[in-house]
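Scroll down for the structure; my scribbles are underneath it.
Please read all numbers here as calculations on a predicted model, not as lab measurements. Just so it is clear, the values below take in all heavy atoms, side chains as well, and ignore hydrogens, waters and symmetry mates.
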Amino acid sequence: MSEHIVSRKIYFSVFGALLCLTALTTFIAFQDLGPFNIVVALAIALVKASLVVLFFMHVKYSSRLTKLIIFAGVFWFFIMVSFTFADYYTRGWITHPHP
Amino acid sequence: MSTEATHKKGAHAALAHHFEDLEQQREAGSLGMWTFLVTEIMFFGVLFMAYSLYRSMNPEAFAIGSGFLNVELGTINTGVLICSSLTMALAVWSAQARKDKKLIIIFVALTMLLGMTFLGIKFTEYIHKWDEHLIPGLDFQYHGPFAGKVEMFVYFYFVMTGIHAIHMIIGLGLMTWILVKAAKGRFSPEYHAPVELVGLYWHFVDVIWIFLFPLLYLIDRHLPPIH
Amino acid sequence: MGTWLPFMPEQASTVASRVDNLYAFLVATTIFFTVLISSTLLFFFVKYRRRSEHTIPKPIAGSIKLELLWTIIPFCLAMVMFFWGASVFFAQYRIPENASDIYVVGKQWMWKFQHPEGQREINELHIPLGKRIRLTMASEDVIHSFFVPAFRMKQDVVPGPNRYEQMWFEATKPGAYHLFCAEYCGTNHAAMIGTIYVMEPKEYAKWLNGGATEGTLTQKGEKLFTDFGCITCHKSDGSGRGPVLEGLYGKQQQLTTGEKVLVDDNYIRQSILSPGSQIVAGYQPIMPSFQGRISEEQLIQVLAYLKSLAPQQPTTGGPTENPVPIDTTNVGKK
Amino acid sequence: MSIASPPTDHRERVRTNYLNHSYGVKSWLLTRDHKRIALLYLASVSFFFLLGGVFALLIRLNLLTPAGDLFSADNYNKLFTMHGIVMVFFFLIPGIPAVLGNFLIPIMIGAKDLAFPRLNLASWYIYILGALFTLYAILSGGVDTGWTFYTPYSTTFSNTYVTAAGLGIFITGFSSILTGLNFIVTIHTMRAPGMTWFRLPLFIWSLYATSIIFILGTPVLAITVALLAIERTFHVGIFDPALGGDPVLFQHLFWFYSHPAVYIMVLPGMGVISELIANMSKKNIFGYKFVAFSSIAIAVFGFLVWGHHMFVSGQSVYAGMIFSFLSYAVAIPSAVKVFNWTATLYKGSISWQTPMLYAIAFIGLFMIGGMTGLFVAALGVDVHVTDTYFIVAHFHYVMVGVTLMAYLGGLHFWWPKITGRLYPELWAKIAALIIFVGFNLTFFPQFLLGYLGMPRRYHMYPPEFQVLHVLSTAGASILGIGVLIPMVYLIWSMRYGKIAPPNPWGAAGLEWRTSSPPPVENFLETPHVTWEAYEFAPREELEIIGKVSVDDRAG
Ligand code: HEA
Ligand code: HEA
Ligand code: CUA
Ligand SMILES: [Cu+2]
């Protein structure tokens, strides 16, 4: 299992994409998309983060184990968020069901 | 410890006594770093969760709070950090692919420079908050609507960016160590695991910022400022 | 209904026997499995004791059938426990209609009660037998927990500007019962105890009339409404700077943010303690916060008064026709 | 079986083992040998057990009388808080993993050391640093929040050393994290040739599962107590309602870690018991894969149930239902283990020596402790018993009755390997019996107390509860004597005990195929594993790796 060397071309294209996306997210923040502002902002952040993780951190070329570990981290974060939110968003339900 | 005997003569100097070979050692290192990064996800995860919870309860207050932050500086800093990620990636690349230690040194130094720029800008922002009396808990002078929850937003701002900044400082420390080792010519295409691991750490810090930036700086920017 | 197992507290509420039945089922299951496993263990322990140092027993790999058996049977039993437990839980927590209100304030380290008729008590609570009682509870400082073992009921009382906790019970047996604070709350946590007196309705009525009071809760609340100057802004003819509060309770209120929220106890509490957090559409955020100026008990009196202004509620205190919504917090409303 | 060619001077080499190959304080405090670090942990963990035990005895003494005459309310509150903190964070959580795990993982998988020996030593120092903070908090006046640190009492109302104790826990958290990380990496990358996943002893599986919890849970606790400390210091934050926060959020975060933490406490114990049951009856574990995967299942599902500590906290009743349901789900893998252990004994050759006694006690007590977990997972019953002595009894059954038993059993079982000496069997049996009796007398009455309505954390109580409290205190004194006996004879045996052979039990497992105590490098040469886990063989075939014949023992 020898390591994979990522070419400089890939690094520079990822770098370019990251800068563009940063500009894009700032630009979009000043447009009114109603409730979608936050969705778009998070989506862009997610794309940027994935680019960094996949290429700069070489995960695209890493073992299944590495991918599993990252997945576990993210998944556990979602467990924490979803169960906690499940409490907060159902608190009033027992007597007046949610509209 | 008289343990070196267990390795065949001619083993790489960087090979620790309890590993069979460099490959095993590298694998252990990278697995360890990834596992550590998972703990970091959970560590920051708590802050992200609490932030989302309170933001979903107090959208207006958080929007007002976000209005106090300086988007220009935030955007510039995002750019700076991305640049530093690139130079870090290139530092790893030069360790992997080039025998030339100068290249590693140059890229690591560049990364450190960019990291310090980031911290400098961050520090300026903190100073501004100080001048504007927006330090939660100590000196918070905002009395408009939702004052309490606006203070909470600024609290989140300081805690999240503060812990992020501490991580950057640790990263800079690690890079200094890499720099010294590189100068001594310790790295080569066969052995460069430390560069790689510090790289992983640095990129991770970048990823955290990628989320912090829109969450903190870019709330409801399209609305006219309330204050 | 007596207690039919040893080491059980008095059963003095409608849910008590339901809790005890489930408990008895759990005890039985536990005894069954513990005896099963322990006796098997001991039997093997003796029967297959080591007779010689040199015997190597034949290895047995395992058996999928057995594994399935002892996964599925416990799982089914566990599901019985879950559904049974949940159904009891809902009986405990779903507040029935036609419940009489009693207001509770917990503070370090005492329980304060207010009856709608105006009686106030500390660490003692008198209630009528056979009537559903709804407690509306607030804490002045830290988390406390209202625990009456004989009723098998417990509810934490969490402090907060938008937090009333509610619980209910119906006593089935006259007597005096322990009231405990069950959530650790500081130095005298163990002294934050009291007694619940369950009385025959007639005696209860006598007790109610016995003590001298300075008027019912509603009357006290009305007085406070003037004293605190609420009346200057909230005029019943609509000429004040604040919204008219008559008929407010139980209605959906439109906020500046566009969302609609139900006006319930928590909403009113929040409107008074931190008015800035929810602004009624069409009004300015000028109402001052009364946090620190109004005590929890006074707040309850004002709340009772405002509730009494709602047309569909003839008087507070007496059995209400409409279920009163509870909402532990205002999140969740979008 | 692999028979390796003998190294020429093996007798000489085996005589130096990890204990005697270097001397002096420095050789211990700067060691990177996992075995020595395990002993450092053993010493520090035992100290905290005694400290916590002293607090426990004082608690019990105070509760002899309804008026709680011995201590003031404040002091009593500090006692149970410090008892809880010390026992949980400084004894039970590091207990089995950092002592037995540290010692055994590399040996059991045939490695020379953990993957990161320096990190391992650092973990111990971090643990000590955290402990010092906590000791500082204790000595300068104590903490009185309960080990659960509920807000807003802890952030705003308590006048005690909450911040120092919190920092102590924050710091110790990193020790757990690093230990877990080290274990995970070691188990993944350092296994000897031929040591496949399904040839691993079950102790390794359980520690792997434990490490998963260390990794994913501990950071949450760390940042949560850090936020608590910030809130306490600067009066700004997210937990105190007076500052706009929600106290229930703290409970979510605390239990997100602390429920999985109870599995940190029990999983290693289950691993130990799997070893004891198999080796003391010379039978392979019935349903190896089920026992192995049930550990992982417990670790994973254990993260989904934290809200069962909050059924009456003002949490939504629907969330309560989900958490109750999942609590039942996580009980199933535990049940699977119990049945498999029992089946393992069938047609075994069961030794009646002390480790086996502890193993049997473990299973019996785990039945009661675990099943009462099902009582409190039942929503309707928990409403009544939560925050009463029923809970206190439940968790002492699982933490003391189960984990402490496993720890003691494991310590006895591996004592010959660790020290090279045998413990005195008769004394050990007597002590085990006293502990068992004392334990049940202490904690069984507490179930009854709890259902009768006796709330926990009460410094005084209504007189009708006195009889049961007195029984419990009587039990605690017996238990106290019981746990002192092993301390005495184990220490005694280090010097005067009989010299232990490499494999006194005729056990399978790599750790028994090296000398007692093992050499610094654990094995004279890297083992090549060709046998399955728990493949028992006549003594003659279980040789020391790197040696020719068994009679040729070292020592
Ligand atoms: C080692 C520690 C440990 C362990 C292993 C457990 C195991 C379990 N615990 Fe316990 N628990 C604690 C330590 C532990 N607990 C502590 C410290 C507290 C209190 C903290 C505080 O408030 O201070 C607590 C509190 C606690 C509560 C909260 C009570 C309250 O405060 O109101 C609950 C509620 O659900 C609970 C449930 C369970 C369950 C379902 C299990 C299950 O994992 C048990 C599974 C085991 C079995 C079920 C036995 C084997 C079964 C069979 C052989 C077959 C029969 C099986 C069936 C029919 C299903 N525990
Ligand atoms: C690992 C965990 C662990 C262990 C091992 C123990 C062990 C014991 N615990 Fe503990 N206990 C907790 C964890 C633990 N406990 C927790 C988490 C709480 C909750 C705290 C809270 O509410 O916040 C608690 C609470 C708690 C209470 C409830 C207090 C209250 O709610 O008011 C009680 C009361 O009986 C108690 C008793 C005991 C007893 C008698 C032992 C015995 O098993 C102890 C036996 C050991 C000894 C007796 C030591 C022997 C030493 C000597 C005899 C002295 C020699 C001294 C020197 C040489 C210096 N414990
Ligand atoms: Cu109030 Cu405990
Ligand atoms: Cu739990």
Checklist entry - side-chain contact (heavy atoms from CB on, under 4.5 Å) between D:Ile238 and B:Met152: does it pass, once the steps are laid out? => result CA-CA 7 Å; D:Ile238 54 172; B:Met152 186 186 279; 4.0 Å; yes
Given a strict heavy-atom distance threshold of 4.5 Å, which part of [X] is in contact with chain B: side chain, backbone, both, or neither?
{"X": "D:Thr186", "answer": "neither"}
{"X": "D:Ile177", "answer": "side chain"}
{"X": "D:Phe214", "answer": "neither"}
{"X": "D:Phe174", "answer": "side chain"}
{"X": "D:Leu227", "answer": "both"}
{"X": "D:Leu249", "answer": "side chain"}

Checklist entry - How many angstroms lie between CD1 in D:Ile184 and CH2 in B:Trp34, if you round to the nearest 0.5 Å? => result 15.0 Å
Checklist entry - Rounded to the nearest 0.5 Å, what separation is found between the OG1 atom of B:Thr35 and the CD1 atom of D:Ile212? => result 10.5 Å
Based on non-hydrogen pairs under 4.5 Å, which of [options] is most in contact with chain B?
{"options": "D:Thr224, D:Leu114, D:Val236", "result": "D:Val236"}
{"options": "D:Ser22, D:Pro117, D:Ala111", "result": "D:Pro117"}
{"options": "D:Asp113, D:Leu119, D:Leu181", "result": "D:Leu181"}

Can you find a heavy atom in the side chain of [X] that is under 4.5 Å from one in the side chain of [Y]?
{"X": "D:Ile230", "Y": "B:Tyr155", "result": "yes"}
{"X": "B:Thr39", "Y": "D:Leu216", "result": "no"}
{"X": "D:Met190", "Y": "B:His18", "result": "yes"}

Tell me, for [X] versus chain D, whether the close heavy atoms (under 4.5 Å) come from the side chain, the backbone, both or neither.
{"X": "B:Tyr54", "answer": "side chain"}
{"X": "B:Phe44", "answer": "neither"}
{"X": "B:Leu47", "answer": "side chain"}

Checklist entry - Would B:Glu27 and D:Val185 count as a side-chain contact (heavy atoms from CB on, under 4.5 Å) if you check the C-alpha gap in whole Å, the side-chain angles of each, and the deciding distance to 0.1 Å? => result CA-CA 9 Å; B:Glu27 212 183 302; D:Val185 175; over 6 Å; no
Next on the checklist: Please determine whether side-chain contact (heavy atoms from CB on, under 4.5 Å) holds for the pair D:Ile223 and B:Ile163, giving the CA-CA distance in whole Å, both sets of side-chain angles, and the decisive distance to 0.1 Å.
Outcome noted: CA-CA 10 Å; D:Ile223 184 79; B:Ile163 294 183; 3.6 Å; yes
Checklist outcome for this item: Taken in chain and number order and not counting sequence neighbours, the residues that satisfy salt bridge (Lys or Arg N to Asp or Glu O under 4.0 Å) with B:Lys149 are none
Checklist entry - Is a side-chain donor or acceptor of B:Gln24 paired with a backbone partner of D:Thr189 at a separation under 3.5 angstrom? => result yes
Next on the checklist: As a quick check of understanding, evaluate side-chain contact (heavy atoms from CB on, under 4.5 Å) for B:Glu151 and D:Leu243, giving each step before the final call.
Outcome noted: CA-CA 9 Å; B:Glu151 182 169 1; D:Leu243 304 170; over 6 Å; no
Next on the checklist: Are there over 12 heavy-atom neighbours, none belonging to B:Trp130, within less than 6.0 Å of that residue's CH2?
Outcome noted: no
Item to check | Within residues 222-248 of chain D or reaching into it, pairs that qualify as salt bridge (charged side-chain N to carboxylate O under 4.0 Å, His left out) - sequence neighbours excluded | outcome: A:Arg91-D:Asp246, C:Arg163-D:Asp246
Next on the checklist: Using a 4.5 angstrom heavy-atom cutoff, name the option from B:Ala28, B:Gly148, B:Gly45 with the most pairs to chain D.
Outcome noted: B:Ala28
